[in-house]
2 protein chains.
Amino acid sequence: MGSVIEQTPLLPVAEGFPFLAGASAATRELVSTLPVRQVEPRRPVLHRGDAAEGVFLVVGGSLRVFYIAADGHEATLYRVRPGQTCILALTAAFRSEPYPAWVETEDEELSFVLVPGAMFRQLYNTEPTFRSFVFEVLSGRVFELMTRLEEVGSLRVEQRLAAFLLEAADANGEVAMSQARLAAHLGTAREVVFRALRTMSDARLVATSRGRVHLLDRAGLRRLHQLG
Amino acid sequence: MGSVIEQTPLLPVAEGFPFLAGASAATRELVSTLPVRQVEPRRPVLHRGDAAEGVFLVVGGSLRVFYIAADGHEATLYRVRPGQTCILALTAAFRSEPYPAWVETEDEELSFVLVPGAMFRQLYNTEPTFRSFVFEVLSGRVFELMTRLEEVGSLRVEQRLAAFLLEAADANGEVAMSQARLAAHLGTAREVVFRALRTMSDARLVATSRGRVHLLDRAGLRRLHQLG
DNA sequence: AGGCCTCTGGAACTTGAGTCACACTTCGAC
DNA sequence: GTCGAAGTGTGACTCAAGTTCCAGAGGCCT
């Protein structure tokens, strides 16, 4: 843990979390008392083995959940985006296993609401809309991890990179990441990312510049991802 | 548990699923109307893209959830054991994505109860014990998949095989699987499993015979798994 | 018996990707 | 403008693991 956490009360949490619209007035009241907090970009949030005292509702920015292998290399397991939640650190407290991963903020400042464990359980047991929210986040995560596992086991790095770029690109088709960060997401080495990008670049699928990748041919990247 | 009234098909279900003990009489009644069904060993249960009409509560035997890659090789994503449930095929219906994997029975005959979608939602919304059961299964699956993903990305096949053998062995330290089946679980080739087994065998960690692996040194296998 | 299928044992080759070493560029800070 | 840090570009090497191909053993059936 241990990062700079600033507090700003009451930002529009309801906008990002539709389940609140269907919730009772009492619940909306309850959640609105919770402060919206911030964490600076690129800061650690949880270390492996930590048990959080609550559940993170991400309002802005994003969290990256990743592992660090024995040899020091790291790889992203999944990312928590606005409107989603990171409940596992709490779950880890229920179960007796330690939380199996690290969590850090990404390139934007994170704003989030921390729902304490007791309140989480109360909401889960009383608000049908919150229940289906939790169910969707969890089952969506299972789907996502299954897909990731299949990709790691059956696609080449170049194909996985294509998939990652398609998912990470903004509306302009820009991915503002260094090759080293891309490598850390994919769990590979920087040089390997470079070679894959050169191939893609030669094929006019992307154009690269310092700290960014510009997607030139999304359909081509999608084809690269799917057929091996 | 009474002796006469509940000696229906419900009996084995209640034993395997503790959440029923804490449920209302109405719910126990409801679930007791569901037949316990069987599927023979090594049969397909769901194909990728299928949407199941309900949720499987596994009473006996086990399910194997796996993917098949473009080149035909397959790998196990996770296994559903007695007392657990496979809800994803139902979830796939809620979401508009197809179910991302295949499901088949393993070496024992499967017995299960199929809880229809509507009943599942009703139970989820009315029975606190069922809710926490679902929550635990889902979050446990997320943990499991995260661990698997880390292992695939950072361990050698030999280490993953050691982990798999430890988990799959019965009380006598026997794993009754051919090398081809082990390879299909790990997502690798039969020859690779053979080489790993030969190394382990040379190190007196296991002994092999046709269709089975006998664990000789569990502590040694654990060491092999962890340090690499 | 013979035949057939499954399974294990093994050599030889290929390849994707991780590692090492190093030069060059870009950019911000001082 | 200089300096250092961060980032990119590249060749050479290594290695785990996948591929190909085949020999022989073990079991089961008729």
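All chains are named by letter (A, B, ...) in the order of the sequence lines, taking the proteins before the strands, and each is independently numbered beginning at 1. When reading the values below, keep in mind they use all heavy atoms of this one structure, side chains included, and skip hydrogens, waters and symmetry mates. Keep in mind it's a predicted model, so treat the numbers as computed, not measured.
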| message | Please pick, from D:dA17, D:dT10, C:dG9, the nucleotide with the shortest atom-to-atom distance to any side-chain atom of B:Thr188. | response |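 Minimum distance to the B:Thr188 side chain belongs to D:dA17.
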Using whole Å, what does the distance between atom [atom2] of nucleotide [N] and atom [atom1] of [X] come to?
| X | N | atom1 | atom2 | value |
| --- | --- | --- | --- | --- |
| B:Leu182 | C:dG9 | CG | P | 12 Å |
| A:Arg195 | D:dC13 | CZ | C1' | 11 Å |
| A:Leu155 | C:dG16 | CG | C1' | 13 Å |
| A:Met177 | D:dA6 | CE | C1' | 17 Å |
| B:Arg156 | C:dA17 | CZ | C1' | 16 Å |
| B:Arg181 | C:dC7 | CZ | P | 9 Å |
| B:Glu191 | C:dC13 | CD | P | 16 Å |
| A:Asp71 | C:dA17 | CG | C1' | 13 Å |

Is [X] reaching over with its side chain to a backbone N or O of [Y], donor-acceptor style, under 3.5 angstrom?
| X | Y | result |
| --- | --- | --- |
| B:Asp50 | B:Ala52 | no |
| A:Asp71 | A:His73 | yes |
| A:Glu136 | A:Phe133 | no |

Taking distance alone, no hydrogens or angles, what donor-acceptor pairs closer than 3.5 Å link side-chain atoms of residues 37-46 of chain B to residues at least two apart or in another chain?
from	atom 1	to	atom 2	distance (Å)
B:Glu40	OE1	B:Arg43	NH2	2.7
B:Arg42	NH1	B:Glu104	OE2	3.1

| query | Taking only residues two or more places apart in sequence or in another chain, which ones pass ring pair (Phe, Tyr, Trp, His ring centres under 6.0 Å) with B:Phe56? | reply |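 Counting only residues at least two positions away or on another chain, B:Phe56 forms a ring pair (Phe, Tyr, Trp, His ring centres under 6.0 Å) with B:Phe112.
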| query | Can you list, by residue number, the residues of residues 198-210 of chain B that have a non-hydrogen atom closer than 4.0 angstrom to DNA chain D? | reply |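 Close to the strand are B:Arg210.
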| field | DNA chain D-proximal residues of residues 144-152 of chain B, any heavy atom under 4.0 Å | value |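 Per residue number, the list is empty: none.
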| field | side chain to side chain donor-acceptor pair (under 3.5 Å) involving B:Arg48 - partner list, sequence neighbours excluded | value |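 Counting only residues at least two positions away or on another chain, B:Arg48 forms a side chain to side chain donor-acceptor pair (under 3.5 Å) with A:Glu150.
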| message | The criterion is side chain to side chain donor-acceptor pair (under 3.5 Å); which residues satisfy it with A:Glu106, sequence neighbours excluded? | response |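 If we apply the side chain to side chain donor-acceptor pair (under 3.5 Å) test to A:Glu106, skipping adjacent residues, the hits are A:Ser62, A:Arg79.
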| request: State whether the distance check finds a donor on one side and an acceptor on the other, under 3.5 Å, for side chain A:Arg212 versus base D:dG7. | output: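 Looking at the base of D:dG7, it does not pair with any donor or acceptor on the side chain of A:Arg212 (distance under 3.5 Å).
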| said: Tell me if the CD atom of B:Glu108 is crowded by more than 12 foreign heavy atoms within 6.0 Å. | reply: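 Counting neighbours around CD of B:Glu108, 12 or fewer heavy atoms of other residues, nucleotides or ligands fall under 6.0 Å, so no.
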| So, do A:His185 and A:Met177 sit near enough that their side-chain heavy atoms are less than 4.5 Å apart? |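 Contact flag for A:His185/A:Met177 side chains = yes.
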| OP1 or OP2 of C:dT6 under 4.0 Å from side-chain N/O of B:Gln179 |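 False: B:Gln179 side-chain N/O out of range (4.0 Å or more) of C:dT6 OP1/OP2.
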